[in-house]
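Excluded from the calculations below are hydrogen atoms, water molecules and symmetry mates; all remaining heavy atoms, backbone and side chain alike, are included. This one's a predicted model, so the numbers in the text were calculated from it and none came from an experiment. Letters A, B, ... mirror the listed sequences (proteins, then strands); counts begin at 1.
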Amino acid sequence: GPIILQTYRLIAEYKKSSKHELSMKAGDLVEVVEKSTSGWWFCQTESHRGWLPATYLEPLEGPDESEDQEPNYEGELYQTTKPYKAEQEDEISLEQDVTIEVIHKLLDGWWVVRKGEQTGYYPSMLLQKTGEKR
Amino acid sequence: SIREPPTNPPPRPPAEHRRKRP
């Protein structure tokens, strides 16, 4: 049968920052083809295909909380594959090859991680499970 | 390829849509 794709709405204007992204206006509708754990979602309109940040998309059919994983306060061990410097006060700055605990894997690609007493958002694409090869 | 996601982290939500501190 036909593949039914979910429709999402842009919550704000988004201007592409690399070649294969889409630029869209607030209120535009897109179909989501693939949800990458990086938080970049592959989307299509009638005339274009490309990547959009999940943080700018909301489901047309009301909140889709069933897809959000629950936090795991015990934490799951990951390590950073690249350094990242916090740009917002709720993010965490870490160097490369630092072991941290992931306590909430969010679909938008910003995971809540814990390092000692510190907690904050970190890009999931800069994390890998400890012990796994890059 | 167009099907490779961008290599930079996606932006945080627009300011008015940001979640509260974890």
Side-chain angles (χ1 to χ4, degrees), chain A residues 10-22 26 33-42 44 48-58 68 71 73 82 84-92 103-104 106-114 118-127, chain B:
Chain A
L10 271 284
I11 59 174
E13 181 184 27
Y14 180 71
K15 289 186 175 153
K16 61 192 280 181
S17 61
S18 67
K19 195 166 74 172
H20 297 312
E21 298 170 37
L22 296 174
V33 178
E34 180 197 334
K35 295 176 177 177
S36 156
T37 54
S38 67
W40 289 107
W41 290 2
F42 193 73
Q44 64 182 26
H48 293 90
R49 285 156 68 82
W51 297 90
L52 284 168
T55 47
Y56 278 65
L57 299 172
E58 66 177 6
D68 253 339
Y73 295 108
K82 279 186 184 168
Y84 174 77
K85 193 169 179 299
E87 291 177 6
Q88 307 283 341
E89 59 172 2
D90 57 1
E91 298 171 7
I92 186 170
I103 56 179
H104 200 175
L106 293 149
L107 287 177
D108 67 13
W110 288 89
W111 288 0
V112 181
V113 310
R114 183 168 60 207
Q118 257 190 304
T119 302
Y121 290 106
Y122 200 79
S124 66
M125 64 157 53
L126 308 183
L127 295 169
Chain B
S1 148
I2 189 173
R3 289 308 298 267
E4 292 295 317
T7 51
N8 51 311
R12 296 294 306 284
E16 63 276 24
H17 295 272
R18 210 157 285 157
R19 284 183 299 261
K20 291 194 188 79
R21 197 184 159 72

Nearest heavy-atom approach of A:M125 to B:N8 is CE-O, 3.3 Å
Whatever's closer than 4.5 Å to a heavy atom in chain B on A:I103 counts as neither
Find out whether B:P10 and A:D108 are in side-chain contact, i.e. whether some heavy atom of one side chain is under 4.5 Å from a heavy atom of the other. no
The single option from A:E91, A:E89, A:E87 that satisfies salt bridge (charged side-chain N to carboxylate O under 4.0 Å, His left out) with B:R12 is A:E91
For A:E34, the side chain to side chain contact (heavy atoms under 4.5 Å, CB included) test, sequence neighbours excluded, returns A:S36, A:F42, A:W51, B:R3
Check: A:W40 and B:T7 side chains under 4.5 Å, non-hydrogen atoms:
no
Okay, A:S17 and chain B: the region with an atom under 4.5 Å from a heavy atom over there is side chain
Is it true that atom NZ of A:K82 has more than 12 heavy atoms of other residues, nucleotides or ligands lying nearer than 6.0 Å? no
Taking every heavy atom of B:P11 against every heavy atom of A:Y14, the minimum-distance pair comes out as CG-CE1, 3.8 Å
With sequence neighbours left out, the residues meeting side chain to side chain contact (heavy atoms under 4.5 Å, CB included) with B:E4 are B:S1
